[in-house]
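Just below is one structure, and these are the notes that go with it.
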Amino acid sequence: MSLDWGYTDDNGPSTWAEKYPLAAGARQSPVDIDTSKATSDNSLVDREIDWSYPSNCSYRIVNTGYGWRVDTYGDDTALSGGPLSEVYKLEQFHCHWGATNDEGSEHTVDGKSYAAELHLVHWNSEKYSSFKEAASQPDGLAVLGVFMEIGNADNAELEKIISLIPKIIHKGQDSQASFDLDFGSLLPESKHYWTYLGSLTTPPCNECVIWTVFKEPITISERQLEVFRSLKSVGEEDAIEPEEGKLVKNYRPPLPLGNRVLRECGP
Ligand SMILES: Cc1ccc(O)c(S)c1
Ligand SMILES: [Zn+2]
């Protein structure tokens with residue numbers, strides 16, 4: 001069964017608006033971060049962005065057909081400050097990558113792509129009663145974007161996720177993910193970032209996200225990235241050829257920033 005949307009020539013980002021009209025909106029993500037357009041804002045400095053994630057909040061990893069996603073218990077998590085007016089809870093995290101290391105991130109910086117981009121997805125639990133309700137609101141979600149560049153060594157915390165990928169090679173497969181994860185190692189040391197109002201980067205592309213994209217990347221090894229690329233977008237019963245349906249890329253190219261404000265915190 002063919003996917004409703006995906007990242008092939010037939011169902012990729014240029015076709016999404018045919019079935020998901022929001023994808024053609026004026027507040028879409030990702031964007032190219034034109035650093036010359038970023039404006040400093042002291043309010044971002046006055047209320048430092050802050051997060052708290054218990055190391056045992058992950059419980060499941062699933063192959064969505066578009067990548068891997070780790071689901072989390074949000075009750076004891078919190079993201080606040082910076083561009084956020086309320087406290088947001090962590091719902092899930094996932095990653096976007098490319099077929100080669102010179103592409104893969106969704107946001108770009110002055111036209112430069114990174115090899116991958118980690119997204120930590122949170123919802124506004126102060127104002128809304130569920131993730132689903134929040135995802136229909138302009139301030140419903142807060143996503144932290146973390147660039148990933150190729151490094152020589154494996155990322156030890158990412159390895160805990162990567163070690164489970166062989167259990168979820170096919171779309172729809174899932175596995176318990178009760179690892180002890182140091183989220184601090186999945187986020188950069190520097191809290192410098194860009195922020196703007198945008199959307200989900202996958203259909204239905206709801207314009208509900210307050211984006212925070214960190215300036216400093218974390219590292220991932222080539223081997224680890226190859227494991228991401230071994231995931232398949234088709235179910236076990238669908239695969240015909242061994243190479244068919246490999247998820248070698250799952251990133252959306254940048255959309256116009258338009259008249260949106262791009263703010264930055266830190267040099
Ligand atoms: C909620 C959600 C789902 C998928 C995504 O890529 C993003 S960025 C957010
Ligand atoms: Zn994403």
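We count ligands from 1, going down the list as the structure has it; atoms in each ligand are counted the same way.
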Review point. Judged by non-hydrogen atoms, does L200 sit under 4.0 Å from ligand 1?
Key: yes
Study note, to complete from the structure: Looking at H96, the N, O or S atom sitting nearest the Zn ion (ligand 2) is NE2
Review point. Closest N/O/S atom of H94 to the Zn ion (ligand 2), by atom name?
Key: NE2
Check your understanding: When you check the gap from the basic side-chain N to the acidic O, do E159 and R223 get nearer than 4.0 Å?
Key -> yes
Under 6.0 Å between ring centres, would you say that holds for [X] and [Y]?
X: F147; Y: F214; value: no
X: Y128; Y: W123; value: no
X: Y7; Y: Y66; value: no

**Study point:** Sub-4.5 Å side-chain heavy-atom contact between S233 and K171
**Key:** no
Check your understanding: Within less than 2.8 Å of the Zn ion (ligand 2), any N, O or S from H119?
Key -> yes
Check your understanding: N/O to N/O below 3.5 Å, does that happen between H94 and ligand 1?
Key -> yes
Exercise for review: Look at atom 8 (S) of ligand 1 and say which protein heavy atom is nearest, naming residue and atom and giving the distance to 0.1 Å.
Suggested key: H119 ND1, 3.4 Å
Study note, to complete from the structure: atom 4 (C) of ligand 1 sits nearest the protein heavy atom T202 OG1, 3.2 Å
Go through ligand 1 atom by atom and flag the ones less than 4.0 Å from a non-hydrogen atom of [X].
X: T201; value: 6 (O), 8 (S)
X: H96; value: 6 (O)
X: Q92; value: 1 (C), 2 (C), 3 (C)

Exercise for review: With rounding to the nearest 0.5 Å, note down the distance linking OG in S105 to CZ in R252.
Suggested key: 14.5 Å
Review point. In this structure, which one of I49, L118, V213, V121 forms a side chain to side chain contact (heavy atoms under 4.5 Å, CB included) with L144?
Key: I49
